[in-house]
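Take this structure, written in structure tokens, and hold onto it; I'll ask about it next.
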Amino acid sequence: MRIATYNVNGITARLPVLLRWLEETQPDVVCLQELKAPQEKFPEQAIRDAGYKAIWHGQKSWNGVAILSRTEEIEERCRVLPDDPEDLQSRYIEARIKDIVVGCLYLPNGNPAPGPKFDYKLGWFKRFSQHAQQLLNEGVPVVLAGDYNAIPTEKDVYKPERWTEDALFRPETRKAYHNLIAQGWTDAIRKLHPDETVYTFWDYFRDAYGRNAGLRIDHFLLSPQLAPRLQKAEVDRFVRGWEKTSDHGPVWIEIQD
DNA sequence: ATGTCGTAGCCACTACGA
């Protein structure tokens, strides 16, 4: 089974690119972030015509997450962090698909840092990590996929020295990501590409994609019950070269059934 | 500081978030 995550940066503007990518690569399960569309503006019919069932949690202007599935049923578990019911931002949705719990997240960007947005990011990260621990305690196969807005290490950014003050790379963010991994999660891309430079995001500015000035911020974390089934983990970086494309590339893993 | 997108309010462009 192939599971993908893709920050589309606006599903309305991105629909042609999304449909082309789905058609060409046929992932089984897809986690989408940054829909930037209210609940009723999700292109449900176009997604269905492409062969996918979907659940989504929209929001006007910002955020928004969705889970798509080609053949298997999607059993929704929640559409907000369970311990965070007062959060008005649509950043998390979770479902069970076959035997796998799929969490789709869009962690806050947090810039400018320091400041209230950075505080919100760290608070969200903490609540997410608490939920991740609860998922581990269930002892079932879990994948947490999405845009973490976190650069794990210096290997994951084209020029680390330029990013030390950025909310995506500040020590607090790296520490939060490290602590999350330390619960027992496997970073799928790093597991299969331990030394390789792998990016998932290239800024729209200054031809970042052409210069390969990228970041690795979209991650797949696998629970111990799922990690042994990991076969492949890749970035569809060619999609970043298409017209009217997102600043993120789709990332995917192959899981043994 | 800058660069470029997508969205919203509104029909020209500016503000905001990323």
Side-chain angles (χ1 to χ4, degrees), chain A residues 5-21 30-44 46-47 56-66 87-92 104-125 128 145-152 156-170 172-174 176-177 199-219 235-251:
Chain A
T5 185
Y6 187 19
N7 179 321
V8 290
N9 190 5
I11 197 167
T12 308
R14 206 66 62 221
L15 192 57
V17 164
L18 174 62
L19 294 176
R20 178 181 169 191
W21 170 70
V30 183
C31 297
L32 299 177
Q33 302 88 32
E34 266 205 283
L35 304 178
K36 288 184 167 181
Q39 188 69 11
E40 65 276 13
K41 290 282 179 59
F42 185 86
E44 185 177 12
I47 297 291
W56 66 95
H57 190 196
Q59 182 186 331
K60 187 172 160 185
S61 305
W62 317 119
N63 311 314
V65 285
D87 191 1
L88 299 175
Q89 303 192 17
S90 302
R91 296 185 173 276
Y92 189 73
C104 169
L105 67 138
Y106 176 47
L107 212 131
N109 175 295
N111 278 306
K117 292 188 175 180
F118 191 56
D119 295 341
Y120 174 69
K121 174 182 195 153
L122 294 179
W124 204 96
F125 214 143
F128 174 68
D147 179 357
Y148 284 69
N149 270 313
I151 301 166
D156 302 306
V157 48
Y158 66 103
K159 272 194 173 154
E161 66 276 14
R162 285 203 190 163
W163 288 79
T164 51
E165 299 304 310
D166 193 280
L168 279 62
F169 195 52
R170 287 179 70 96
E172 301 94 321
T173 305
R174 275 185 273 174
Y177 187 83
Y199 297 142
T200 67
F201 167 94
W202 298 263
D203 217 307
Y204 286 125
F205 305 157
R206 296 175 246 110
D207 189 33
Y209 179 64
R211 297 184 294 118
N212 196 28
L215 314 174
R216 190 172 75 92
I217 54 175
D218 301 273
H219 308 301
V235 181
D236 283 341
R237 75 192 308 290
F238 59 91
V239 176
R240 182 62 181 80
W242 290 356
E243 290 293 312
K244 300 288 289 177
T245 202
S246 170
D247 40 5
H248 295 251
V251 188

(request) Specify the separation, in whole Å, of atom CZ of A:R162 and atom P of B:dA1. (result)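 Rounding to the nearest Å, CZ of A:R162 and P of B:dA1 are 14 Å apart.
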(request) Go through the structure and list residues passing side chain to side chain donor-acceptor pair (under 3.5 Å) with A:D236, not counting sequence neighbours. (result)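 In terms of side chain to side chain donor-acceptor pair (under 3.5 Å), with neighbours along the sequence ignored, A:D236 is linked to A:W21, A:W252.
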(request) With sequence neighbours left out, write down each residue that passes salt bridge (Lys or Arg N to Asp or Glu O under 4.0 Å) with A:R174, or none if nothing qualifies. (result)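 Partners of A:R174 under the salt bridge (Lys or Arg N to Asp or Glu O under 4.0 Å) test: none.
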(request) Would you kindly give the CG-to-C1' distance between A:D166 and B:dG17, to the nearest whole Å? (result)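 After rounding, the reported distance stands at 13 Å.
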(message) Run the salt bridge (Lys or Arg N to Asp or Glu O under 4.0 Å) test against A:R91 and tell me which residues pass, sequence neighbours left out.
(response)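 Expected list: none.
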(message) Please check if the number of heavy atoms outside A:R211 that lie under 6.0 Å from its CZ is greater than 12.
(response)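 Yes, the 6.0 Å shell around CZ holds more than 12 heavy atoms from other groups.
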(message) Please enumerate all residues that pass salt bridge (Lys or Arg N to Asp or Glu O under 4.0 Å) together with A:D147, with sequence neighbours excluded.
(response)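 Not a single residue meets the salt bridge (Lys or Arg N to Asp or Glu O under 4.0 Å) criterion with A:D147.
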(request) For B:dC5 versus B:dA1, give the span between their P atoms, rounded off to a whole number of Å. (result)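 About 23 Å, rounded to a whole number of Å.
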(request) May I have the distance from A:L168 (atom CG) to B:dG17 (atom P), rounded to whole angstrom? (result)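 Taking CG of A:L168 and P of B:dG17, I get 16 Å after rounding.
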(message) Counting primed atoms plus P, OP1 and OP2 as sugar-phosphate and everything else as base, spell out the protein contacts along nucleotides 2-7 of chain B at 4.0 Å heavy-atom distance: B, S or - for each nucleotide, 5' to 3'.
(response) BBBSBS
(message) Tell me the interatomic distance from A:N63, atom CG, to B:dG17, atom C1', rounded to whole angstroms.
(response)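 Going from A:N63 (CG) to B:dG17 (C1'), I get 10 Å.
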(message) Please compare A:E34 and A:Q59 by the position of their nearest nucleotide in DNA chain B and report the one closer to 5'.
(response)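 Checking each residue's closest nucleotide, the 5'-ward one belongs to A:Q59.
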(request) Using the test salt bridge (Lys or Arg N to Asp or Glu O under 4.0 Å), find all partners of A:R20 that sit at least two apart in sequence or belong to another chain. (result)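 Once residues adjacent in sequence are excluded, the partners of A:R20 under the salt bridge (Lys or Arg N to Asp or Glu O under 4.0 Å) criterion are A:E24.
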